[in-house]
Amino acid sequence: MADPAQRVDRIGDGRPGAQPNADGLGFMVCPLCGCACGLNLHAQRSTPPHPTVVTVLPSKAPGWGASGLCMRGWQMGEILGSRRRLRTPMVWGTGQQERAEWDEALHTAAEALGRLREQDPSSIGIVLGDSLSNEEVFAAHQFAAMLGTPNVAALGLEIDAPAIDGLEQTLGAPYRAPAPEELDGADLFLCVNSNFQHINPRAAGAMARRLQGGARMALIDEVDQGLAIWAEVYARHRPGARVEALRQLVARLTGREATSAPLDSSQVTEIVSLIEHSRRVAIILSAEAITSVDEAVAIGRLARALRDEMRWVGVYLLPSGANTFGTLDMLAAGGSPHGMSALDMVSPDSGMRAVITIGEDLGRLFGPADLAQLRQRLEFGMALASFVCPTVELADVAVPVQMTAEREGTIRRPDGRVWWSQPILSPAGQSRPITAVLDDLAGLLGAETRWDDYDALWKQIQATAGGYGAVRLSDLRAGKLPRVGFDTAGVADVVDAASLRAAAPETPEPTDERPFMLVPRSTRGGWTTDPRCQGAHILRREATLYREHYVLMAPEDMKRLELREGDRAQVTTESGAAAVRVRSDSGIQPMVAVLPTEFPGLVRTLASRGGRRAEGGGVPSGPVTAEIRPVETR
């Protein structure tokens with residue numbers, strides 16, 4: 001067996017047919033976040049009943065993971081072989097889900113979908129995950145067209161869409177990020193959200209290494225979630241005032257008068273001084289942290305204000321999913337479906353009678369009670385999933401599908417490069433490729449397709465997806481990283497305008513009755529709701545720290561309210577009330593509390609607007625006023 005240390009930098013095996021390497025060494029792209037780090041897996045196969053031992057090795061492939069991986073990435077071997085994988089088809093029987101054969105599961109699904117297609121095909125919706133391969137998204141788009149429904153959308157893409165659209169508006173073209181390796185030599189980092197090290201950890205690690213080498217950083221955010229320790233200037237603004245804060249900085253840079261000034265003037269002066277002494281400036285942001293197009297437009301205008309003939313400026317938007325931009329490209333292939341958004345599909349008045357989820361868990365939008373109510377409104381639910389999750393447990397039909405490293409597939413990174421993952425491991429249980437499952441369903445519904453033929457599918461992508469005509473599958477399998485052309489679609493070509501142009505909610509003023517500002521944000525435990533991360537023992541153990549609902553508060557507020565770490569408090573807002581644990585965080589300013597978005601049911605209860613609890617659509621993102629007091633005990 002070959003020494004893996006001598007071959008860790010190899011990307012792909014370059015052999016036609018993309019079969020796993022004889023020595024079990026292969027390259028894959030981590031699907032767990034938008035960093036999409038490249039890594040190598042070394043599978044040491046044993047004879048049954050002994051399991052295959054999978055070792056994770058870092059890759060020097062260019063990208064955020066070029067010098068290492070995060071805690072999640074190192075566990076990829078255990079995640080792929082986890083006991084929490086969905087391994088057999090499941091069909092809802094008499095009051096519970098029961099194991100089924102593939103033929104039974106597919107025929108049950110085809111019967112239900114065929115009936116609805118005859119009655120009203122537009123009542124069928126397909127919700128896609130944001131880590132599917134280009135080929136899987138393309139096949140799902142074609143499957144929707146075969147059913148006759150325009151309603152196919154990607155939830156992660158819609159979460160990221162306002163940030164992408166705002167940058168595309170101001171920069172005047174489909175967004176294309178600089179390559180991560182272009183950060184080398186950056187002497188100033190401007191960060192507009194302090195939690196991207198939780199959302200996209202390896203990007204934060206890449207920045208930290210350059211800060212240790214002498215680069216400087218300015219942070220503009222409403223709270224600090226651990227990043228300010230690196231900042232030369234931390235300019236804190238009031239909750240919900242990111243747009244005004246960025247406009248204030250742009251006004252100072254362009255010599256205009258700001259209409260409002262949420263930032264301290266002396267801190268703005270310090271940031272301007274840092275900019276004036278910099279020649280390579282990187283603006284880094286997580287799309288998930290941007291709540292409106294207006295915020296992204298303000299970031300784009302800041303980038304334009306910074307650029308001159310002597311200064312390089314790179315805007316690094318970090319998506320929430322590993323293949324957000326490839327998903328956008330594939331949904332635009334052959335014309336946008338122009339159907340309902342994923343958020344509209346799951347709203348109470350959508351009229352949906354069936355929803356098919358492919359690689360997506362609606363638990364990221366709903367708590368258990370809300371998800372159960374959604375399921376009751378549907379006549380049929382189907383899940384194509386790799387892991388057991390709340391969506392799978394409520395589906396009429398759930399079928400196991402292969403993950404990356406079990407099948408070949410490509411993604412498109414924000415910088416335009418296309419990456420290929422090769423099959424390295426045997427599929428878990430009875431799992432099949434998503435493209436093959438959709439092809440089988442289409443056949444049962446009377447259509448002739450070739451989605452299970454990877455080479456034929458790629459030719460269809462080349463012919464219909466903008467920018468992919470010159471991307472050759474043979475190059476990808478040989479380990480090359482070709483770039484797509486600049487004729488890729490913009491996000492406004494795929495995501496409906498109503499989702500993009502939704503106005504940011506107005507920020508209320510605290511009152512004597514509700515003196516706290518409660519701010520929904522992703523926190524350190526945000527990844528714990530990903531069912532894939534529950535597949536690794538060390539991650540599952542870490543997740544127990546974030547199992548109970550909690551809010552983060554300033555230590556001085558907890559002391560004033562006589563609350564200790566882990567005590568229970570009653571949080572009351574205009575839309576509802578809940579008892580939660582409290583945790584201290586020194587990065588939070590007094591009279592502000594952070595409401596973790598990893599608890600979507602709690603966020604819907606507490607952060608909805610208009611005095612009523614949200615029942616559908618996206619998770620509320622704007623700050624609300626709240627009363628926080630200790631829970632009375634006897």
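When atom types are taken as modelled, the side chain of Thr108 and the backbone of Glu104 share a donor-acceptor pair closer than 3.5 angstrom. Arg377 contributes no side-chain N or O that, together with a main-chain N or O of Met352, makes up a donor-acceptor pair within less than 3.5 Å. The backbone N or O of Ser575 lies less than 3.5 Å from no partner atom in the side chain of Ser608, so there is not a single donor-acceptor pair. Ser82 contributes no side-chain N or O that, together with a main-chain N or O of Ile79, makes up a donor-acceptor pair within less than 3.5 Å. When atom types are taken as modelled, the side chain of Asn323 and the backbone of Ile411 share no donor-acceptor pair closer than 3.5 angstrom. Judged purely by atom type and a 3.5 angstrom limit, Thr149 has no side-chain atom pairing as donor or acceptor with the backbone of Ala144. In terms of modelled atom types and a separation under 3.5 Å, the side chain of Asp396 and the main chain of Gly381 share a donor-acceptor contact. Without hydrogens or angle criteria, Arg375 side chain to Leu378 main chain gives a donor-acceptor distance under 3.5 Å. At distances below 3.5 Å, not a single donor-acceptor pair connects side-chain atoms of Gln430 with backbone N or O atoms of Pro400. Ser350 contributes a side-chain N or O that, together with a main-chain N or O of Met345, makes up a donor-acceptor pair within less than 3.5 Å.
Across all non-hydrogen atoms, the minimal contact from Arg87 to Gly429 is NH1-N, 3.5 Å. For the pair Cys30 and Gly73, the tightest heavy-atom approach, listed with the atom from each and the gap, is SG-CA, 4.5 Å. Nearest approach of Gly363 to Pro600, heavy atoms of both residues: O-CG, 3.4 Å. A pairwise comparison of heavy atoms in Ser431 and Gln402 identifies O-NE2, 3.3 Å as the closest pair. Listed here is the closest heavy atom pair of Leu606 and Ala578: CD2-N, 3.9 Å. Closest heavy-atom contact between Pro390 and Leu371: CB-CD2, 3.5 Å.
For the residue pair Ser320/Asp160, the side-chain donor-acceptor check at 3.5 Å is satisfied. Side-chain N/O atoms of Ser123 and Gln119 include no donor and acceptor closer than 3.5 Å. A donor-acceptor pair shorter than 3.5 Å cannot be found between the side chains of Glu513 and Thr511.
Considering only heavy atoms from C-beta on, Glu574 stays 4.5 Å or farther from Thr625 through its side chain. Residues Met553 and Ile588 have side chains not in contact (no heavy-atom distance under 4.5 Å, counting atoms from C-beta outward). A 4.5 Å side-chain heavy-atom check between Met76 and Pro31 finds at least one atom pair inside the cut-off. Within the 4.5 Å cutoff, no side-chain heavy atoms of Phe387 are placed close to those of Val392. Under the 4.5 Å side-chain criterion, counting only non-hydrogen atoms from C-beta, Arg521 is in contact with Asp221. The side-chain heavy atoms of Asn193 and Gln225, taken from C-beta on, include no pair separated by under 4.5 Å. The shortest side-chain heavy-atom distance between Arg432 and Pro427 does not fall under the 4.5 Å cut-off. Between Pro414 and Pro319 the shortest side-chain heavy-atom distance falls below 4.5 Å.
In this structure, the separation between OG on Ser194 and CG on Asp224 is 5.0 Å, given to the nearest 0.5 Å. Here the straight-line distance linking atom CD1 of Ile290 with atom CD1 of Ile164 works out to 11.5 Å at 0.5 Å rounding. One distance of note links CG of Leu113 with CE of Met146; it measures 8.0 Å at 0.5 Å rounding. Atoms OG1 and CG, on Thr523 and Leu595 in that order, are 9.5 Å from each other to the nearest 0.5 Å. A distance of 11.0 Å separates OG1 of Thr357 from CG of Leu155, quoted to the nearest 0.5 Å. One distance of note links OG1 of Thr391 with CG of Leu362; it measures 4.0 Å at 0.5 Å rounding.
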>> Run Val495 and Asp165 through side chain to side chain contact (heavy atoms under 4.5 Å, CB included) and show every step you take.
In response: CA-CA 10 Å; Val495 179; Asp165 185 53; over 6 Å; no
> Under the side chain to side chain contact (heavy atoms under 4.5 Å, CB included) criterion, do His237 and Arg242 qualify, and how do the steps go?
Replying inline: CA-CA 7 Å; His237 56 76; Arg242 180 179 283 134; 4.0 Å; yes
>> Determine whether Ile159 and Asp130 satisfy the following criterion, side chain to side chain contact (heavy atoms under 4.5 Å, CB included), listing intermediate values before the conclusion.
In response: CA-CA 10 Å; Ile159 292 172; Asp130 51 15; over 6 Å; no
>> Between Arg99 and Met90, does the side chain to side chain contact (heavy atoms under 4.5 Å, CB included) criterion hold? Intermediate values first, please.
In response: CA-CA 5 Å; Arg99 290 186 179 185; Met90 304 293 289; 3.7 Å; yes
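Counting non-hydrogen atoms of neighbouring residues, nucleotides and ligands closer than 6.0 angstrom, the CD atom of Glu562 reaches no more than 12 such neighbours. With a 6.0 Å radius and a threshold of 12 heavy atoms from other residues, nucleotides or ligands, Glu101 has its CD atom at or below the threshold. Annotation for Glu379: atom CD counts as buried by contact number, over 12 foreign heavy atoms lying within 6.0 Å.
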Quiz: residues 563-572 side-chain donor-acceptor pairs under 3.5 angstrom, not counting sequence neighbours:
| unit_1 | atom_1 | unit_2 | atom_2 | d |
| --- | --- | --- | --- | --- |
| Glu565 | OE1 | Ser584 | N | 3.0 |
| Glu565 | OE1 | Ser584 | OG | 3.0 |
| Asp567 | OD2 | Arg564 | N | 2.8 |

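The aromatic rings of Phe599 and His549 are tilted relative to each other, their planes meeting at an angle between 30° and 60°.
For the pair Glu136 and Arg407, the salt-bridge criterion is met [side-chain N within less than 4.0 Å of a carboxylate O].
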